[in-house]
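Presented below is the structure to which this report refers.
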Amino acid sequence: ISALIKMLVDPDSNVRWAVPETLKNINPKWTDTEQINQAIPTLIEALADQDKNVCKSAIESLDKIGPKASQAIPSLIKLLRDSDVRLFAIEALAKIGQKDIIALIQILANQESSLHKTAFDVLDKMGSQAILTLIQALADSNSQVRQFSIIALEKINPNWTKTEQASQAIPVLTQALASQDNNVRKATIEALGKIGTHASKAISALLKALTDSDYSICQTIKNALEKIDPNWATTEQASQAIPALTQALANSNSIDMRKTASEALIKIGTQAIPSLEKALANPDLIIRQRVIATLSQMGSKAIPVLEKEIPSLEKALANPDLIIRQRVIATLSRMGSKAIPVLEKALFDPDHVVRLNTVVALSNMGTQAIPTLIRALTNSDITVCNMAQSSLEKINSKWVESEQASEVIPALIQTLIQALTNSDLQVRCFARSALYKINPNWAKTKQASQAIPALEKALADPDYGVRLAATQTLNEIRPKLNDVK
């Protein structure tokens, strides 16, 4: 047998032709004998023979030996450049590489791109097992292998995502989601997204990955989930992920992770509300603020849960810590109309910034905040007054005529007339402007008539500006007193 094996690369083609048949007659399993292992180096040497017939014979012999000749793979890959023996090399590689396809893929991926087309032919010859291995290789730690694999799949079978092998690869790809290499994780997630509906079993793992990934990875996960199942948020896997997502929202130190968890919980919707409600029991205001921000975007069913928090937030407004009060305002701004009375109190906070933030919060609450914003027009902080007026215009350019304004306008006019003699020039100017905005005929009102005694008293004020303002106001009112009803 040893002597015959050496003759597999004999220069005489008749000899080479006769050897395999003779070996088969002597021992049908001659490719499994120990002598074969000893002969493989000789056959590999023959691959470089200048005589193409000798080279072809060596390739064919290695082809017959199969996976045991794996050490010949690098030499056979070199022959893919040789048009005379390329087809023989493809056949041999396809058979020899069956035992360790991933190793073959890794070698092929690292060849120059000009060889890749032929490499795809090799893998195509290997059939379904090569497809499965290529899909699994999409999670390989080597970026060249990942890139080669996706191109190979598209070339070999453009519909690879719909194959049985795609479904079979899911467990391996799912395991790769735990990789510490973000590039591997991202490539794996993209692969699962490409597979689509057949990757539904990976939804749980993808949701878990949402709680321990950076934001760029999380965005890739969300895209993949939408491709796998546009209704993933209604699945059982989504329900099971709620506690972990809530935990990430409440306790993660990463802003990106908290944002991702919040977005996922909002997507899941009402079934996440009970878990979030439990999180509101945390004494940490910052954690409650995160949870409330999420609940505030979950529709009407979350409102009763939010309203329960208003009393505790109202108490927090008395906290001497400015940052805490600012956070309370931001939180109350998301809690609907029931929070308006508490916010109105905050308009008189000792801190200027808190007062301004309160106006901003009220401006986002729509028409129900109009009465409070109207009352804010008489705030001692002129900046609050100006912002309140701008907010009213933003909510309703005709706020003066609105139903919400009708009950508070008379008291407002009275207060603004009093402000016309304020020692602060800015306040006086604002009051005059506001009066004409609210009612161009304010001087004909009952409130104007009732203000005359106070205005007359202001004529004796030591401040010239106050005396001048009182005189101007009385001159506007007195000629029209006969019109007052």
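Note that these values count all heavy atoms, side chains included, but never hydrogens, waters or copies made by symmetry.
Judged as a salt bridge (charged side-chain N to carboxylate O under 4.0 Å, His left out), the pairs with a partner in residues 307-328 (not counting sequence neighbours) are, in order, E277-K308, R288-E309, E307-K338, E314-K345, R325-D349. Pairs engaging residues 137-146 under the side-chain hydrogen bond (donor to acceptor under 3.5 Å, both in side chains) rule: Q106-D140 [sequence neighbours left out]. For residues 167-176, the pairs satisfying side-chain hydrogen bond (donor to acceptor under 3.5 Å, both in side chains) are E164-Q168, with sequence neighbours left out.
Heavy-atom contacts from other residues, nucleotides or ligands closer than 6.0 Å to CD of E456 number more than 12.
Applying the side-chain hydrogen bond (donor to acceptor under 3.5 Å, both in side chains) criterion to T473, with sequence neighbours excluded, gives R432. Residues that satisfy the salt bridge (Lys or Arg N to Asp or Glu O under 4.0 Å) test with K186, not counting sequence neighbours, are absent from this structure. Partners of N223 by side-chain contact (heavy atoms from CB on, under 4.5 Å), not counting sequence neighbours: none found. Take W160 and apply the side-chain hydrogen bond (donor to acceptor under 3.5 Å, both in side chains) test, not counting sequence neighbours, and it matches E154. Looking at residues two or more places apart in sequence or on another chain, you find a salt bridge (Lys or Arg N to Asp or Glu O under 4.0 Å) between K437 and E393. Legend: residues meeting side-chain hydrogen bond (donor to acceptor under 3.5 Å, both in side chains) with Q404, ordered by chain and number and at least two apart, are absent. Partners of T294 according to the side-chain hydrogen bond (donor to acceptor under 3.5 Å, both in side chains) rule, which considers only residues two or more places apart in sequence or in another chain, are S262. Residues passing the side-chain contact (heavy atoms from CB on, under 4.5 Å) test with D381 are H352, R355, N379, T383, V384, sequence neighbours excluded.
For the pair R185 (side chain) and L177 (backbone), a donor-acceptor distance under 3.5 Å is present. Counting only distance, with no hydrogens or angles, the side chain of Q271 and the backbone of A233 share a donor-acceptor pair below 3.5 Å.
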Scan the side chains in residues 464-472 for donor-acceptor partners under 3.5 Å anywhere in the protein, sequence neighbours excluded, and list what turns up.
from : atom 1 : to   : atom 2 : distance (Å)
R467 : NH1    : D461 : O      : 2.8
R467 : NH1    : P462 : O      : 3.0
T471 : OG1    : R467 : O      : 2.9

